[in-house]
Number of protein chains: 2
Amino acid sequence: MAAVVTSPLKGSRADRTRATEARILSVALDSFGTKGFDSVSLDDLAADLGITKQAILYHWSSKRALLDAVIDRAALELIIEFDGALSEEGSGWSRVESIVRRIFRVAMRRPELLGFIREISRIGGDASLRVTADLEPFVSRATNYFEREMDEGRIRRCDPGLLLVSAYSTVLGAATEVEVLRAVGIEPTLRSTVVRRRELLSFLHAAMVAP
Amino acid sequence: MAAVVTSPLKGSRADRTRATEARILSVALDSFGTKGFDSVSLDDLAADLGITKQAILYHWSSKRALLDAVIDRAALELIIEFDGALSEEGSGWSRVESIVRRIFRVAMRRPELLGFIREISRIGGDASLRVTADLEPFVSRATNYFEREMDEGRIRRCDPGLLLVSAYSTVLGAATEVEVLRAVGIEPTLRSTVVRRRELLSFLHAAMVAP
DNA sequence: AGGAATGTTTACCACTTGGTAAGTGAATCG
DNA sequence: CGATTCACTTACCAAGTGGTAAACATTCCT
């Protein structure tokens, strides 16, 4: 039994390293997503983590490298969230309904995640390209879904890419809405948002969709 | 005819001062709205204006004071934009349609304006409170409009304040959408946005509004 | 004209920023 | 056990930050 575990604590150092990096990434994603990349210094981050900023720079060579790592993580988590949404049961509008509900739920549960996506779209440069590259699996999957639905006449025919961008930015809008509600002092719930959104949609639908 | 104008250039100094301050506010609104408050230094701002940062600090005692002034200006411009939207012709849904179109047009013409509003909602603290205070004329006017429309049965009855917050955040969402489109390399036009939004709305409407 | 007020610049400062170099204590390995 | 690697800290630095003080040029007032 001694041969199986080579050291008293199985991979204790490597595990601790991975745990530390995960903690840093988590706090960084949260801070960057809610306060903005430039508004958060490495010292701030380190203070939140109870370590020194040099500990962060030990794991990533620069703040920018940390940002890239956070982008990777955010993209991964987005993929997981959306992947869950896209594998919902049902078909046609009932499936669409589940997906939309689920995405709104993400916007409420993880505002920092979507806020971060918005943040890097502002930083621009490589960052936005990186995201679209990392999200490729999701993009192709969503595109396939849209095209299938169009083929079967359940969605009006249009460019799937544009439709995806619209849906994507609508999610960002929902995230913004959550932030605005909190700023105004209303703690948003899924129910309240859905109710208000229903009002809003009938409002907008009549204005934009109706001839 | 000499008595009318007391100096060769009518109020030339005061006018130039006002013009300078207006230029600073304009560039600051643009930069803060697109890059974020913390991402823009006074030196950056001054460089864009072709002056020194101390010239800015002569007109406002601190960067924060400048931000407050920019907030005032943004609120004023928002009021003007929305005021124009609210004084659209027509009644009922046709009027709503005009308003929504006009607001989307603002989101496309002035992304920095709505981006800035989002920015200060992130900065939080007094800023968001200030905005709601400065927007009071617009809020009460919009509320009156909503209530009138509800009284006459043209909008389903609900809390006007909540409806306004929803409409407000929808505008922010539209601004985000414009940013995302530009990041993806698509220069948004009113037509393309309306077309895609129509698709999106029928998409969401069926999912969220339909029983 | 001459002095005062005004708008702006140059010079400067304390502090924070991201980042580097060297040192330290514990885990790992021979 | 002793040497080494590893995760991290202390000490430090150059550049940039918001902000102040004083010098300077222009416009205004009398």
Side-chain angles (χ1 to χ4, degrees), chain A residues 2-28 31-32 35-71 119 123 125 127, chain B residues 2-28 31-32 35-71 119 123 125 127:
Chain A
V4 178
V5 177
T6 54
S7 58
L9 288 160
K10 180 189 169 188
S12 83
R13 189 145 79 179
D15 280 357
R16 269 192 51 197
T17 298
R18 217 178 313 137
T20 301
E21 292 184 349
R23 268 184 67 227
I24 295 174
L25 286 177
S26 172
V27 172
S31 292
F32 291 165
K35 300 176 195 164
F37 181 68
D38 287 322
S39 307
V40 179
S41 71
L42 291 178
D43 282 313
D44 294 339
L45 228 50
D48 286 348
L49 288 157
I51 58 178
T52 61
K53 99 179 130 179
Q54 287 74 12
I56 299 174
L57 288 171
Y58 170 76
H59 293 280
W60 293 276
S61 58
S62 68
K63 191 188 181 186
R64 175 68 207 206
L66 171 63
L67 175 63
D68 287 341
V70 174
I71 288 175
E119 174 69 12
I123 295 176
Chain B
V4 178
V5 178
T6 54
S7 57
L9 288 160
K10 181 190 169 188
S12 82
R13 188 145 79 181
D15 280 357
R16 271 191 51 198
T17 298
R18 217 178 312 137
T20 301
E21 293 183 349
R23 269 184 66 227
I24 296 174
L25 286 177
S26 172
V27 172
S31 292
F32 291 165
K35 300 176 194 163
F37 181 67
D38 287 322
S39 308
V40 178
S41 71
L42 290 178
D43 281 313
D44 294 339
L45 227 51
D48 286 347
L49 287 158
I51 59 178
T52 60
K53 98 180 132 180
Q54 287 74 12
I56 299 174
L57 288 171
Y58 170 77
H59 294 279
W60 294 275
S61 59
S62 68
K63 191 188 181 188
R64 175 68 208 206
L66 171 63
L67 175 64
D68 287 341
V70 175
I71 288 175
E119 174 70 12
I123 295 177

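All figures in this text were calculated on a predicted structure; none of them were measured in a lab. Letters A, B, ... are given to chains in the order of the sequence lines, protein chains preceding strands, and every chain is numbered from 1. Side chains are part of it too, since the values below use all heavy atoms of this structure and drop only hydrogens, waters and symmetry mates.
- Atom-to-atom, CH2 of A:Trp60 to P of C:dT20 comes out at 16 Å; the value is rounded to the nearest Å.
- Annotation: of the two residues near DNA chain D, A:Lys53 and A:Tyr58, the 5′-most nearest-nucleotide partner is A:Tyr58.
- One atom, CG of B:Leu57, and another, C1' of D:dA21, lie 13 Å apart when rounded to the nearest Å.
- Side-chain contact between A:Ser31 and A:Asp44 is absent, with no heavy atoms from C-beta onward closer than 4.5 Å.
- To the nearest angstrom, P of C:dT17 lies 17 Å from CG of A:Leu67.
- To the nearest angstrom, C1' of C:dT20 lies 18 Å from NZ of A:Lys63.
- Within the 3.5 Å criterion, the main-chain N or O of B:Ala22 finds no donor-acceptor partner in the side chain of B:Ser26.
- Contact annotation: B:Ser61 does not reach the phosphate of D:dG18 (side-chain N/O to OP1 or OP2, under 4.0 Å).
- Rounding to whole angstrom units, CZ of residue B:Arg18 and C1' of C:dG7 are separated by 15 Å.
- OP1 and OP2 of D:dG16 both lie 4.0 Å or more from every side-chain N or O belonging to B:Ser41.
- Across all strands shown, B:Thr52 has heavy atoms under 4.0 Å from base atoms, whether or not it also approaches the sugar-phosphate.
- The shortest side-chain heavy-atom distance between A:Leu25 and A:Leu66 falls under the 4.5 Å cut-off.
- Between A:Asp43 atom CG and D:dT17 atom P the separation is 17 Å, expressed in whole Å.
- For B:Lys63 (side chain) and B:Phe37 (main-chain N/O), a donor-acceptor pair under 3.5 Å exists by modelled atom type.
- Set against C:dT9, C:dG7, C:dT17, the side chain of A:Asp44 has C:dT17 as its closest nucleotide.
- Checked by atom type and distance alone, the side chain of B:Asp68 never pairs as donor or acceptor with a backbone atom of B:Ala65 at under 3.5 Å.
- Here the C1' atom of nucleotide C:dG19 and the CG atom of A:Leu66 are 14 Å apart, to the nearest Å.
- The distance between atom CD of A:Gln54 and atom C1' of D:dC6, rounded to the nearest whole Å, is 17 Å.
- Here B:Leu42 lies in heavy-atom contact (under 4.0 Å) with sugar-phosphate atoms only.
- Taking 4.0 angstrom as the limit, A:His59 places a side-chain polar atom (N or O) nearer than this to OP1 or OP2 of D:dC8.
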